[in-house]
Amino acid sequence: MLLASCVRLIPGGPGAPTALPQAESAAALGVRPGPAIGSLRLGHGNAVAALASFRESCPRVTSRTDTSGLTSPGDWRQACTAAASWAPATASRFFSAFFETARVGDGTAFATGYYEPEITGSRVRLPGYDVPIYGLPPDLVRARPGDAQPLANGRMPLGRYDERGRFVPYYDRAAIEQGALMGRGLEIAWAADPVEVFFLQVQGSGRLRAPDGTVMRIGYAGQNGQPYTGIGGLMRERGLIGSGPGKYPGSMQGIMQYICEHPAEGAALMRENRSWVFFRELNGDGPLGALSVPVRPRSSVAADPRFVPLGAPVWLDLDRGEADGLWVAQDTGGAIKGANRFDTFWGAGEEARTIAGGMSGRGDALILLPKGTLSRLGVQ
């Protein structure tokens with residue numbers, strides 16, 4: 001059921017943009033003006049959906065720090081005030097009235113897809129439902145200053161304090177699978193298949209369908225502080241991806257096939273991704289993104305907040321026509337790193353799974369910034 005994660009598992013696959021490690025933000029990498037919004041092929045339905053998503057983001061963009069270095073909360077207030085009562089019938093005009101386009105770096109984009117998976121699970125432990133889905137542990141904390149080296153972004157690392165009061169890394173995937181958190185009452189649900197739970201963690205949210213047909217929606221609550229490793233990338237490095245004998249397609253279907261045909265090796269491979277995601281129950285009408293607002297199908301996109309202000313509209317013009325158009329940056333992802341790297345959200349269900357699973361688009365990206373931003377930044 002969980003076949004859409006290949007693009008997050010193989011972030012360095014063919015066609016991915018060249019990494020620019022020397023640039024830590026869009027402001028440092030550089031931006032330049034893009035074309036007039038009126039020249040973009042902005043369809044009415046696309047504009048209406050983008051306006052709705054932008055409106056939902058406004059309480060956050062007008063109050064949070066933009067780590068891209070491009071905007072401040074005050075830059076968004078005029079557009080957000082207008083969005084609150086703007087008529088959907090003239091949604092295209094809204095973006096022309098309040099935004100200007102900008103290219104970050106060379107604007108060369110690489111976009112993949114994700115969706116909201118549904119797996120077999122239950123709120124209570126039942127026969128055959130033995131894989132725990134954990135809520136956020138209270139002992140997962142950031143180090144106090146002086147107890148560990150700060151991360152590159154200046155924040156203290158995540159970990160825990162042991163019985164001697166020493167700050168140590170938090171339990172990794174192998175330790176958690178071996179029972180490090182069992183017996184502490186952290187289970188919010190139980191699943192039937194550990195492989196499905198692994199890929200649910202890659203997606204970051206999903207639905208659990210119980211035997212009685214009831215559905216529990218869960219979303220990202222936190223992560224153990226251990227590094228994320230894409231297992232598709234490991235398979236590629238080890239010569240397991242390809243078209244010859246003993247090789248597997250470079251897709252999620254191929255990765256799943258390898259794990260199913262080699263269960264012991266597959267389990268070991270998954271444990272090489274030491275990252276573990278903790279969940280919480282969601283009661284809204286959609287999974288929550290990094291802005292703590294629902295992500296919407298064919299409207300929300302994940303981006304690296306160092307290069308795209310979260311909440312900003314994003315225009316994509318790709319060699320995958322279904323992903324062309326206006327999106328709103330409302331989410332982030334462990335493999336979504338770098339300038340012009342995006343992950344498009346397609347919702348739930350079979351069609352969403354199919355589109356997201358095969359999404360690998362290349363082309364151009366424009367960021368829509370509030371009018372006057374480029375002038376304030378000194379960009380001509």
Side-chain angles (χ1 to χ4, degrees), residues 1-5 8-9 114-140 170-224 226 231 252-253 255-288 294-295 346-354 356-357:
M1 297 176 68
L2 297 168
L3 303 181
S5 305
R8 287 188 170 185
L9 297 173
Y114 71 114
Y115 81 119
E116 185 183 22
E118 182 174 288
I119 71 171
T120 304
S122 171
R123 292 178 182 272
V124 297
R125 192 170 188 175
L126 300 172
Y129 291 69
D130 299 316
V131 184
I133 295 175
Y134 290 117
L136 196 64
D139 62 339
L140 174 60
Y170 205 74
Y171 303 111
D172 65 6
R173 177 172 299 277
I176 293 173
E177 287 183 349
Q178 291 165 358
L181 301 181
M182 290 291 286
R184 295 174 51 180
L186 297 172
E187 299 87 355
I188 64 169
W190 298 84
D193 187 342
V195 178
E196 288 186 338
V197 172
F198 177 90
F199 292 114
L200 184 68
Q201 291 185 14
V202 173
Q203 293 291 337
S205 64
R207 303 175 183 182
L208 308 179
R209 183 170 293 275
D212 63 2
T214 59
V215 174
M216 177 183 181
R217 172 174 270 146
I218 60 175
Y220 179 91
Q223 187 261 359
N224 63 346
Q226 296 282 359
I231 63 172
M252 196 55 225
Q253 289 89 337
I255 296 170
M256 293 287 287
Q257 181 184 353
Y258 172 81
I259 293 173
C260 290
E261 293 180 358
H262 304 84
E265 293 88 344
L269 178 69
M270 289 187 291
R271 285 186 174 182
E272 291 191 63
N273 177 20
R274 297 166 60 193
S275 173
W276 184 278
V277 170
F278 301 100
F279 291 97
R280 60 190 176 101
E281 183 173 3
L282 300 179
N283 296 311
D285 61 348
L288 297 181
V295 292
W346 296 92
E350 183 65 23
E351 182 182 17
R353 179 188 69 81
T354 301

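Keep in mind that this is a model prediction, so the values were computed, not measured.
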Quiz item: Does the side chain of Ile259 reach to within under 4.5 Å of the side chain of Phe199, using non-hydrogen atoms?
Solution: yes
Quiz item: With a cut-off of 6.0 Å (strictly less than), are more than 12 heavy atoms of other residues, nucleotides or ligands near CD of Gln257?
Solution: yes
Quiz prompt | Note, Pro138 side chain near Leu186 side chain (heavy atom, < 4.5 Å) | solution = yes
Quiz item: Can you find a pair of side-chain heavy atoms, one from Pro211 and one from Tyr129, that are under 4.5 Å apart?
Solution: yes
Self-check item: Asn224 (side chain) donor-acceptor with Arg274 (main chain) under 3.5 angstrom
Solution: yes
Exercise. Please examine the side chains of Glu177 and Trp276, heavy atoms only from C-beta on, and report whether any two atoms are closer than 4.5 Å.
Key: yes
Quiz item: Is there a side-chain contact between Gln201 and Arg173 (heavy atoms, below 4.5 Å)?
Solution: yes
Quiz prompt | Ile218, Ile133, Leu181 screened by side-chain contact (heavy atoms from CB on, under 4.5 Å) with Phe278, the one that passes | solution = Leu181
Quiz item: Does Gln226 offer a backbone N or O that forms a donor-acceptor pair with the side chain of Gln223 under 3.5 Å?
Solution: yes
Quiz item: Do Thr214 and Asp212 get their side chains close enough for a donor-acceptor pair, meaning under 3.5 Å?
Solution: yes
Quiz item: Less than 4.0 Å between a side-chain N and a carboxylate O, is that true for Arg217 and Glu281?
Solution: no
Quiz item: Are Asp193 and Val197 side-chain neighbours, meaning at least one heavy-atom pair lies under 4.5 Å?
Solution: no
